[in-house]
Amino acid sequence: MAVGAMDSRATITPIQVSEGYWRGVARRLSRDPVAMVALAIIVALVLMAVFAPYLAPGDPIKGSMLRRLKPIGTPGYPLGADELGRDMLSRLIYGARLSLFMGVTPVLAAFALGSALGIFAGYVGGAINTAIMRTIDVFYAFPSVLLAVALSGALGAGLTNALVSLTIVFIPPITRVAESVTTQVRNRDYVEAARASGAHGFTIVRVHVLGNVLSPIFVYATSLISVSMILASGLSFLGLGVRPPEPEWGLMLNTLRTAIYVSPLVAALPGVMIFITSISFNLFSDGLRTAMDVRT
Amino acid sequence: MNDAAPMIDIRDLTVTFTGGRKPVHAVNGVTLSVQRGEVVALLGESGSGKSVTLRSLLNMHPKHRSRLNGSVIAAGQDVLKLSGRALADYRGRVASMIFQEPLLALDPVYTVGAQIVEAIRRHEKATLAVAQARALALLQKVRIPSPERRLQAFPHEMSGGMRQRAMIALALACNPQILLADEPTTALDATVQIQILLLLRELQRELGLTVILVTHDIGVAVEVADRVAVMYAGRIVETGPVREIIRNPRHPYTQGLLASRAHDAMSGARLDAIPGAPPDLAALPPGCAFAPRCRFSAAACLAEAPGSVAVGPQHSARCLRLAELAAA
């Protein structure tokens, strides 16, 4: 019989390992030019931050009264100098360290906490869900900028407190996304099918719920990185985040604003960096969403 | 367990859903026993309690929103009393289920192979390689073309018929004795339906499976079942061998169902539909639930629910006027 013949062949044929979900995502992502350009910019920014001491032509902290507000293109100061005569190029390169750190860290922390909370609420359902989600809703009463400023103001100025307050700001939206996708997934037939074939509650959450829920949450979280960077810059601008003289793009924007009429191009540079970074994260997250959707 | 004991023995099963405002009596005293290796079709309209009965066999109803009474014994185990570890071991290994819409019942983010491997390793301590080899053998068994390649396919990359084959392979992953099929061909197109039914029957014979099949299509029941149980409003109104039911339906509801088939209707003639709609399961009448729609209903029909009356070998029906109607 044909089936029997195939059976005997099966024992000799080595079984190929399946491509796997992430391999497929990577393949689809690599075919998206916009996402790849955005990824290249992000990688370049990260490398710039890591190797800042080797890349920066000068000291980002040391100023010189003689070179205050030199325009772009001054010899030795390719991007000019700031209001204290510090080399702008060096400051922008060093600034990537804190700015990226403050953009990514709160989102990662909120991704971990918010997903856990949202998946738990969505999977358990009932009164526990209501209790968690209504508490989360309270945070929606405040605009995110106001919430970040209020929290950091209450906690006191400083880098750690700024990170904590940004994390708290991002937990509610991530929880909400996690809860809504989990609620949808929980009622799908394949979860029922897994239960019907003897999967335990924990296995269902780990395999079927996480597998289907993490990518939409992750995509949403990557789109928050740019928001986080802008909010972090805002906090620094208000003096609640990074303290001078540390180079950070938001803070640089703040200190240079006094010079905006004297040297507008130099004053705009930190804003340009924030813009490039946040748009790269946004475009990358768009590409990721498309690549992760296996159903299309 | 001796061979004489039925594989599945449902006694006086009632299922009431208490989640809503009014309790819904979905199943009202179903008694059904299925022998080892027998194929029984539960036939009925939507809301007749057939799927609910099927799900009770896996104890799938949410505890806090449903009330189950009676007993369900499958392969010697009291299913309704199982919980935790024992229930998880029972599901999939003793009895497993095929769902109506395979695209929804297969997890979209995992390949078919990965899902079968996971199901195998959930119940058995098999190495990855062994489980993968078994997954491949299963796909061959359900006759999926180029099974090596299909192991790595995502559900959305397969056709409807292929997906249902994969679903069957997944259900058979842990060599269950009982296969529960919830409208396994409803979501498929007509040409694929018959292939899936033939496959099911063949696998059932080869593996000696005990099958309960839920369907609203008499044609499907005729194709695969040995015996048919016709359900109405949460009760089995008539049960008997397929041939008996088709040739000699005794309950007016079964007669109505058979008459409403498009199978041998004249072109242009109106189909002989049963008038009215199924009763509200939250407010069942005290008497025969079918009486309000029945052509032959008498005053007595509205007073009390009829008991089951044997009308032939293995053939019984629940109707007060069986004798009168047979004479007429």
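Quick note on labels: first sequence line is chain A, next is B, and so on, each numbered from 1. FYI, side chains are in, hydrogens and waters are out, and symmetry mates aren't considered; it's all heavy atoms of this structure. Remember, predicted model here, so these are calculated numbers, not experimental data.
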Contacting region of B/Leu58 [heavy-atom separation from chain A under 4.5 Å]: side chain
Residue part contacting chain A, namely of B/Arg55, when any heavy atom lies under 4.5 Å: side chain
Between chain A and each of B/Ala105, B/Gly92, B/Cys174, B/Ser96, count heavy-atom pairs under 4.5 Å; write down the option with the most. B/Ala105
Under 4.5 Å to a heavy atom of chain B? For A/His200 that would be side chain
Of the listed B/Met97, B/Glu157, B/His123, the one with the largest count of heavy-atom pairs under 4.5 Å with chain A is B/His123
CZ of B/Arg121 to OG1 of A/Thr203: how many Å apart, nearest 0.5 Å? 12.5 Å
With side-chain hydrogen bond (donor to acceptor under 3.5 Å, both in side chains) as the test, would you mind laying out the steps for A/Ser197 and B/Arg91 before giving the verdict? CA-CA 5 Å; A/Ser197 71; B/Arg91 288 171 175 169; over 6 Å; no
Is there a donor-acceptor pair closer than 3.5 Å between any side-chain N or O of B/Tyr110 and the backbone N or O of A/Val207? yes
Applying a strict 4.5 Å limit to non-hydrogen atoms, the region of B/Asp89 in contact with chain A is neither
Heavy-atom pair of closest approach, residues A/Asn212 and B/Pro108: OD1-CG, 3.4 Å
With heavy-atom distances below 4.5 Å as the criterion, would you say the side chains of A/Tyr190 and B/Pro155 are in contact? no
Counting only heavy atoms not in A/Arg134 (residues, nucleotides, ligands), do more than 12 fall under 6.0 Å from its CZ? yes
Distance-minimising heavy-atom pair for B/Met60 and A/Glu192: CE-O, 3.3 Å
So what's closer than 4.5 Å to chain B heavy atoms on A/Val185: side chain, backbone, both or neither? neither
Does A/Arg188 reach the main-chain N or O of B/Leu104 with its side chain, forming a donor-acceptor pair under 3.5 Å? no
Rounded at 0.5 Å granularity, tell me how far CD1 in A/Ile204 sits from CG in B/Asp107. 11.0 Å
B/Ala153, part contacting chain A, at a heavy-atom distance under 4.5 Å: neither
Please classify the contact of B/Gln100 with chain A as side chain, backbone, both or neither, using a heavy-atom distance under 4.5 Å. neither
